[in-house]
Amino acid sequence: MFIKRKKEVPGLNTTSTADISFMLLIFFLVTSSMNIEKGLTRQMPPPDDSTEEQEVEVKERNVLQLDIDHSDRLTCNGDPITTQELSQRVERFVTNKDNDPKLPEKSRREVHLMGLTQVSDRHVIMIHADPNSTFNTYFNMQNAIVRGYYRARNTLARNRFGHTYDKCSDDERDALAIVYPQRIREDMPPGATPKGDDKKEKGGEP
């Protein structure tokens, strides 16, 4: 007399699921930001079109001379050096923490967010690369220089702002760049550039 019917579970209406997912995707794309900036930017100096050259007298203590010869031998002030050692040398040269008389002079300036600060604005890193040197050696040297500046600014950011350089705001990075500005001069004949790496020319890995 009594028929036991099975209860049917009602199905979910998924008609609007695709629309909701699309709206959420747009929301996250609009509200989120991707910070792709890494380390320090390095911009090559523009070609000098001026016909007149102005000689500027620079004290020996303020100059760090880097040379790459025709056999890809890297030297710093005449002494052979590796790229790893070069990063440490650049950091020590630029910061001159102990005010060594053999290292660059400093100026006292009012810096935003830092107040009256000693600024390393007189140092110069001079680069000379032989036209017969390979671009791979030249590129590694440039990376080592930028790494040295980054380490100097990163240490200063930790001491002054309590966080690393990567987490600094634009204003904080501008202040760090004033204290440790990149002062690099390329000393190469007009039109002369290092050669491409032999392996790269043959189609191998650079």
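- Applying the 6.0 Å contact sphere to CD of Glu60 captures no more than 12 heavy atoms from other residues, nucleotides or ligands.
- The heavy-atom pair separating Phe161 from Cys168 by the smallest distance is CD1-SG, 4.2 Å.
- With Ile127 as reference, Gln142 is the one residue of Arg185, Gln142, Gln65 to meet the side chain to side chain contact (heavy atoms under 4.5 Å, CB included) rule.
- Between atom CD1 of residue Ile26 and atom OG of residue Ser21 there is a gap of 11.5 Å, rounded to the nearest 0.5 Å.
- Evaluated for a side chain to side chain contact (heavy atoms under 4.5 Å, CB included) with Leu176, the options Val111, Leu156, Leu113 yield exactly one hit, Leu156.
- Not one N or O on the side chain of Arg147 forms a donor-acceptor pair closer than 3.5 Å with the backbone of Ser87.
- A distance-only check finds no donor-acceptor pair linking the side chain of Arg158 to the backbone of Thr164 [under 3.5 Å].
- Classification of the Phe135-Tyr138 ring pair by plane angle, with boundaries at 30° and 60°, yields tilted.
- Less than 6.0 angstrom separates the ring centroid of Tyr165 from the ring centroid of Tyr150.
- The line from CZ of Arg92 to NZ of Lys97 is 10.5 Å long, rounded to the nearest 0.5 Å.
- Taking the side chain as every heavy atom from C-beta outward, Met126 and Val124 approach each other to under 4.5 Å.
- At least one donor-acceptor pair under 3.5 Å links the side chain of Arg173 to the backbone N or O of Asp166.
- At least one side-chain heavy atom of Gln118 sits less than 4.5 Å from a side-chain heavy atom of Asn99.
- Shown here are the salt bridge (Lys or Arg N to Asp or Glu O under 4.0 Å) partners of Glu91, two or more places apart in sequence or in another chain: Arg151.
- Inspection of the Glu172 and His163 side chains reveals an N or O donor paired with an N or O acceptor under 3.5 Å.
- Between the OG1 atom of Thr75 and the CG atom of Leu66 there is a distance of 7.5 Å, given to the nearest 0.5 Å.
- The residue from Leu116, Val119, Val179, Thr117 that alone fulfils the side chain to side chain contact (heavy atoms under 4.5 Å, CB included) condition with Arg109 is Val119.
- Judged purely by atom type and a 3.5 angstrom limit, Asp130 has no side-chain atom pairing as donor or acceptor with the backbone of Ile68.
- One finds the CG atom of Asn77 at 5.5 Å from the CZ atom of Arg89 (value rounded to the nearest 0.5 Å).
- A donor-acceptor contact shorter than 3.5 Å is absent between the side chain of Asp98 and the backbone of Asp100.
- Taking CD1 of Ile81 as the reference point, atom CZ of Arg73 lies at 11.5 Å (rounded to 0.5 Å).
- No hydrogens or angles considered: nothing links the side chains of Asp72 and Ser133 as a donor-acceptor pair under 3.5 Å.
- Side-chain atoms of Leu86 and Ile145, non-hydrogen and from C-beta on, do get closer than 4.5 Å to each other.
- Side chain of Arg153 to main chain of Tyr180: a donor-acceptor pair is present (N/O by atom type, distance under 3.5 Å, no hydrogens or angles).
- The minimum heavy-atom distance linking His123 with Phe93 is given by the pair CB-CE2, 3.6 Å.
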May I have the step-by-step check of side-chain contact (heavy atoms from CB on, under 4.5 Å) for Lys106 and Asn96, ending in yes or no? CA-CA 9 Å; Lys106 294 182 180 180; Asn96 190 10; 3.9 Å; yes

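- Side-chain atoms of Thr83 never come within 3.5 Å of backbone atoms of Asn140 as a donor-acceptor pair (strictly under, hydrogens ignored).
- In terms of the salt bridge (Lys or Arg N to Asp or Glu O under 4.0 Å) criterion, residue partners of Glu105 (sequence neighbours excluded) are, by chain and number, Lys59, Arg122.
- The minimum heavy-atom distance between Ala175 and Met114, with the atom names listed, is CB-CE, 4.1 Å.
- Note that CG of Leu64 is 11.0 Å distant from CG of Asn62, once rounded to the nearest 0.5 Å.
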Could you check Ser71 against Asp69 for side chain to side chain donor-acceptor pair (under 3.5 Å), going step by step and ending with a plain yes or no? CA-CA 5 Å; Ser71 59; Asp69 63 14; 3.0 Å; yes

